[in-house]
2 protein chains.
Amino acid sequence: MGTPAAFGPLERADALCVRRGVRLTPQRRRVLAILCSASRPLGAYEILEAMRDGSRPLAPPTVYRALDFLLEQGLVHKLESLHAFIGCRHPDHPHSGQFLICRTCGLVTELEDEAICESLRSAADETGFRPERRVVEVLGVCACCVGKGVEG
Amino acid sequence: MGTPAAFGPLERADALCVRRGVRLTPQRRRVLAILCSASRPLGAYEILEAMRDGSRPLAPPTVYRALDFLLEQGLVHKLESLHAFIGCRHPDHPHSGQFLICRTCGLVTELEDEAICESLRSAADETGFRPERRVVEVLGVCACCVGKGVEG
DNA sequence: CTGGCTGCTGTTATACTGTAGCGTTATCGC
DNA sequence: GCGATAACGCTACAGTATAACAGCAGCCAG
């Protein structure tokens, strides 16, 4: 006892990587921590900036390599339409999520909607296409901003 | 008579722009022609290269501005996951298409699948999200390449 | 223990993608 | 014509991403 009943995303990532026999090194964990604690998607150079603790002037490849690892492990997602990255909400099973992206407040909602998955799968099947990665990003205005009339 | 029964994408774009009261200028038409005659998506700088007929060394904003216009008019699509552009197959009605992108041969198939549209719409509705633009890109291996065993 | 292998990190330099801003030219309505 | 607006040309630069190579730590077979 003493350990909390609910683990945070970092602890779950630790466990996941141990199970898979891959190494969540301090650099990689740091990038994941930054993404998980952010309230919105971050660009690679924003992450880079956030990693400068005091003196270290890190170079882009450092963060891109960490991101490559985290993407492979499904711990973060890349939002292609924003050139930005976001921590995954349910990394326990591998998936390409679907995203609702508010252009007003920057809020991103990750979905894992079975109807969307199924419709994509069946469309691909019809042409014999073998899907490997799915990019589904819906840009618009979230309910909150619509309510406030902020949508422009 | 004398006019062919089937018009090409350029002629259809001409008619569309006239109907809408917008100008498909020579530069814009040229970019559209390059995209329509390409067998795969082209990056902005590839288009730029293709536009150098003999002497003219064009600058990036020229092609980006033309692309902005063509995107607005729904005459071309942007493939976010490739940073590349492709001519639209059925520009007569505005839409965000869905794309099957083969990582082996570069073939891109544009779909307009009602089931996909509907599942996206209903997922957005559930959260009150108001969609404006949909990015749907499935990366994988096309039937042809799967058949050839090229998929790696 | 040692040497080689592997994987991770650091660093420099550079490639690729996209835009701001400004002056000039063409087009259109009057 | 003439003024307003849209389109274009150009320079410069911002933002995103990767190639290539060097150093280092850990592991493990011999």
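Numbered from 1 within each chain, the chains take letters A, B, ... in sequence-line order.
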Is it true that B:Glu137 and B:Lys78 make a salt bridge, defined as a side-chain N closer than 4.0 Å to a carboxylate O? no
Answer with yes or no whether the hydrophobic clustering places B:Ile47 together with B:Leu24; edges join I, L, V, M, F, W, Y residues whose side-chain heavy atoms lie under 4.5 Å apart. yes
In whole Å, I'd like the distance from the OH atom of A:Tyr64 to the P atom of C:dC16. 15 Å
Does the side chain of A:Val138 reach to within under 4.5 Å of the side chain of B:Leu120, using non-hydrogen atoms? yes
Contact check, side chains of A:Cys144 and B:Phe129, non-hydrogen atoms, under 4.5 Å: no
Nearest-nucleotide comparison on DNA chain C, the residue closer to the 5′ end among A:Leu58 and B:Ala44: A:Leu58
Distance only, no hydrogens: is a donor on one side chain within 3.5 Å (strictly under) of an acceptor on the other, for A:Ser81 and B:Glu80? no
Using a heavy-atom cut-off of 4.0 Å across all strands, would you classify B:Phe69 as base, sugar-phosphate, or nothing? nothing
Any chance CZ of B:Arg121 has more than 12 other-residue heavy atoms, nucleotides or ligands included, within less than 6.0 Å? yes
Taking B:Gln73 for the side chain and B:Leu70 for the main chain, is one N or O donor matched with an acceptor at less than 3.5 Å? no
Would A:Gln98 and A:His77 count as having a side-chain donor-acceptor pair, cut-off 3.5 Å? no
Pick the nucleotide of DNA chain C nearest each of B:Arg65 and B:Glu46; which residue has the one closer to the 5' end? B:Glu46
Span of DNA chain D in contact with chain A (heavy atoms, under 4.0 Å): D:dT16 to D:dA20
Could you give the CG-to-P distance, from A:Leu82 to C:dT17, as a whole number of Å? 19 Å
Per the under-4.0 Å heavy-atom filter, residues of residues 20-32 of chain A near DNA chain C come out as A:Arg23, A:Thr25, A:Gln27, A:Arg28
Would you kindly confirm whether B:Phe85 and B:Met51 end up in one hydrophobic cluster when ILVMFWY residues are joined by side chain heavy atoms under 4.5 Å apart? yes
With nearest nucleotide decided by heavy atoms, which residue, B:Pro57 or A:Tyr45, maps closer to the 5′ end of DNA chain D? B:Pro57
note: B:Glu80, atom CD; C:dT17, atom P; distance rounded to Å ~ 13 Å
Rounded distance in Å - CG (B:Asp68) to P (C:dT19): 7 Å
